[in-house]
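As the structure is a prediction and not an experimental result, all values here were calculated from the model.
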Amino acid sequence: FRSGGHDAIFISIAAYCDPLLAFTISSALTQASRPERIRIGLVEQQLPEACVRLPEAWERQVRRVHIHPLQARGPCWARAIAMSLYQGERWFLQIDSHTWFEPGWDDRLIAWGEHCAALNPRSLVTTYPNAFTMRDGQPVATIAGAELLAFVVRPGQQFEPTHPVLMFEAVPVSGQAPLPALHVGAGCLFGPGQLVYELPYDPFLYFHGEEQAFALRAWTRGWDLF
């Protein structure tokens with residue numbers, strides 16, 4: 001069973017009182033080449049009176065769980081709930097609730113997913129995307145690199161007794177095809193829908209170590225990172 005067609009994309013969004021949530025959903029649907037194949041699993045941790053209101057046509061594509069912000073238990077817990085809203089779509093995309101999509105993003109991601117699947121059906125495409133800020137209500141990009149953004153350990157990082165987590169960053173490299181990676185970015189994580197069953201999100205992690213733990217679980221279960 002695949003909801004939304006043979007190449008449907010399920011987008012997992014866990015939002016906590018995020019003023020850009022409505023912008024993110026609008027960007028995902030209006031910038032897609034085929035918005036009808038998009039399904040969104042939304043965990044909205046927000047005061048009831050502040051929850052986003054969407055056009056009726058969009059509401060049919062959104063599966064929503066509302067949680068009062070005082071009952072929130074952290075981003076990994078919320079992402080695990082969002083993942084539970086998956087209903088068999090071919091592709092899975094996890095993003096932050098403050099994300100700006102480029103035109104045709106769905107075609108590009110699927111093309112990259114197919115490219116990687118030819119090397120290993122268990123493949124994840126992931127990075128830290130280029131940043132943006134809102135100015136006078138409009139998004140303005142800060143471009144680190146126009147082609148690929150590859151993970152590296154942030155310079156000067158080392159394990160500390162009170163903080164045993166290395167910090168990563170994305171640096172620009174040339175090329176058009178996905179490159180092998182050593183890390184995942186939880187705010188931009190794309191792959192076949194089977195990852196929901198093989199790599200369920202850990203709701204007992206709070207925040208630190210989220211990406212490292214997911215990358216290790218993926219790698220040791222036969223998944224390749226790009």
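Side-chain atoms of D224 do not come within 3.5 Å of backbone N or O of C116 as any donor-acceptor pair. Checked by atom type and distance alone, the side chain of H183 never pairs as donor or acceptor with a backbone atom of A215 at under 3.5 Å. Remark: the backbone N or O of L20 is paired with a side-chain donor or acceptor of T24 at under 3.5 angstrom. A donor-acceptor contact shorter than 3.5 Å is absent between the side chain of S97 and the backbone of A15.
When side chains are defined from C-beta on, D106 counts as touching S33, because their heavy atoms get closer than 4.5 Å. Between E169 and P155 there is a side-chain heavy-atom pair separated by less than 4.5 Å. Residues R37 and H6 have side chains not in contact (no heavy-atom distance under 4.5 Å, counting atoms from C-beta outward). Residues M134 and W100 are not in side-chain contact: their nearest non-hydrogen atoms beyond the backbone lie 4.5 Å or more apart. Using a 4.5 Å cut-off on side-chain heavy atoms (C-beta onward), W91 and L109 make no contact. Residues L47 and P69 form a side-chain contact, since some pair of their non-hydrogen atoms from C-beta on lies under 4.5 Å apart. Side-chain contact check for Y16 versus P75: every heavy-atom pair is 4.5 Å or farther apart. Proximity of E114 to D7: side-chain heavy atoms (C-beta onward) are nowhere separated by under 4.5 Å.
For the pairing with F190, the side-chain contact (heavy atoms from CB on, under 4.5 Å) check across L93, I11, T127 returns one residue only, L93.
Across all their heavy atoms, C76 and D202 have their closest contact at CB-O, 3.3 Å.
The pair E211-R79 does not count as a salt bridge, with every side-chain nitrogen at least 4.0 angstrom from each carboxylate oxygen.
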(request) Please test F214 against L189 for side-chain contact (heavy atoms from CB on, under 4.5 Å), starting from the C-alpha separation and ending with a verdict. (result) CA-CA 11 Å; F214 193 92; L189 179 65; 3.7 Å; yes
(request) Could you please spell out the steps behind the salt bridge (charged side-chain N to carboxylate O under 4.0 Å, His left out) verdict for R122 and E198? (result) CA-CA 10 Å; R122 291 178 169 87; E198 298 188 16; 2.7 Å; yes
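Between F132 and F23, the angle of the ring planes lies from 30° to 60°, which puts this pair in the tilted group. Ring geometry, H163 versus H208: the interplanar angle exceeds 60°, so the pair is classed perpendicular (tilted spans 30 to 60°).
The environment of CZ in F204 is sparse: at most 12 heavy-atom neighbours from other residues, nucleotides or ligands sit within 6.0 Å.
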